[in-house]
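Step one of this worksheet: look at the structure below.
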Amino acid sequence: MKDKLINWLTQSTTVMAARGLLGAVLKVGDCAGLVVETEAYLGVSDRAAHAFGGRRTKTNEALYGPAGTVYVYQMRQYCLLNVVTQPATIPQCVLIRAVEPIAGVAAMAMRRGRSGPAMTSGPGKLCQAFGITLADNNRAVNQGRVQLIWPGRTPALIRATPRIGVPNKGTATTAALRFFVAGNANVSDMKKRAIDPNGGWQ
């Protein structure tokens, strides 16, 4: 029987998946955290996507796998974690941008060399904290080290903004394809005055 998460992904658009994964539990080994920030990448028509124009290489091959495939790529010294959202050959995904740690915090702090929200308030930071590497690429979620427990907690309010670090790409720059739990301290660039004492959860 298919994993409940995979069933849900196959019935969702990528934008729906990016919103719906907020509150899911990311678990790798003894470390776990609530997903609080995501970005949607819409494949061949999305100028910010690795598969824009149908680009297919050894590096991005995981994007062309079935829904639930883990796509990890490296940017400078960091790895970044994505989950494929559509059936095989439709290369769309959700980037997991930030999490709220809930287990294995000491191990995360040791890997990152710091504690608090700065441990996991960005896609490269969270991969370093969880020990996610290129060895986790192109594996089915929940069948390898990378686990996503869905559904999880329910955000009180979800906000949408343009994605971060996508300059000069027209609608790919301006489209509101970044989603986050409003008021959660672990969201990247969350202002102190906007932090919700309840973490942004219902």
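By convention here, the first residue in the shown sequence is residue 1.
Between Val70 and Asn82 there is no side-chain heavy-atom pair separated by less than 4.5 Å. You'll find the side chain of Asp46 reaches within 4.5 Å of the side chain of Arg163, heavy atoms only. Using a 4.5 Å cut-off on side-chain heavy atoms (C-beta onward), Pro91 and Val44 make contact. Taking the side chain as every heavy atom from C-beta outward, Met16 and Thr13 approach each other to under 4.5 Å. Taking 4.5 Å as the limit, every side-chain heavy atom of Leu95 sits out of range of all side-chain heavy atoms of Leu81. Within the 4.5 Å cutoff, no side-chain heavy atoms of Tyr71 are placed close to those of Asn138.
Minimum heavy-atom separation, Ala67 to Leu9: CB-CB, 4.1 Å. Listed here is the closest heavy atom pair of Ala48 and Val166: CB-CG1, 3.5 Å. Taking both residues in full, the closest heavy atoms of Ala18 and Ala40 are given as CB-CB, 4.0 Å, listed atom of the first, atom of the second, then distance. Across Leu22 and Glu37, no two heavy atoms sit closer than the pair CD2-N, 3.4 Å. Residues Leu148 and Leu21 approach most closely at CD1-CD2, 4.4 Å, considering heavy atoms. When all heavy atoms are compared, the tightest approach of Asn142 to Gln147 is OD1-CA, 3.2 Å.
Of the possible polar contacts, none joining the Arg145 side chain to the Ala135 backbone as a donor-acceptor pair under 3.5 Å is found. A donor-acceptor pair under 3.5 Å links the side-chain atoms of Trp150 to the main chain of Gly20, judged by distance alone. Asp196 contributes no side-chain N or O that, together with a main-chain N or O of Asn184, makes up a donor-acceptor pair within less than 3.5 Å. Looking at Asn60, its side chain does come within 3.5 Å of a backbone N or O of Thr57 through a donor-acceptor pair. Arg153 contributes no side-chain N or O that, together with a main-chain N or O of Val25, makes up a donor-acceptor pair within less than 3.5 Å.
Listed by first and then second residue, the ring pair (Phe, Tyr, Trp, His ring centres under 6.0 Å) pairs that reach into residues 89-118 come to none, sequence neighbours excluded. Listed by first and then second residue, the ring pair (Phe, Tyr, Trp, His ring centres under 6.0 Å) pairs involving residues 151-198 amount to none (not counting sequence neighbours).
Ionic pairing of Glu39 and Arg97 is present here: one or more N-O contacts between side-chain nitrogen and carboxylate oxygen are shorter than 4.0 angstrom.
Between Tyr73 and His50, the two ring planes are perpendicular [angle over 60°; tilted spans 30° to 60°].
Rounded to the nearest 0.5 angstrom, Leu34 CG and Glu100 CD are separated by 5.0 Å. Atom OH of Tyr41 sits about 11.5 Å away from atom CG of Leu63, to the nearest 0.5 Å.
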For residues 103-123, dump all side-chain donor-acceptor pairs below 3.5 Å to protein atoms at least two apart in sequence or in another chain.
residue : atom : partner : partner atom : Å
Arg111  : NH1  : Ala129  : O            : 2.6
Arg112  : NE   : Met119  : O            : 3.0
Arg112  : NH1  : Gln128  : OE1          : 2.7
Arg112  : NH2  : Ala118  : O            : 2.9
Thr120  : OG1  : Val99   : O            : 2.7
Ser121  : OG   : Pro117  : O            : 3.2
Ser121  : OG   : Lys125  : NZ           : 3.2

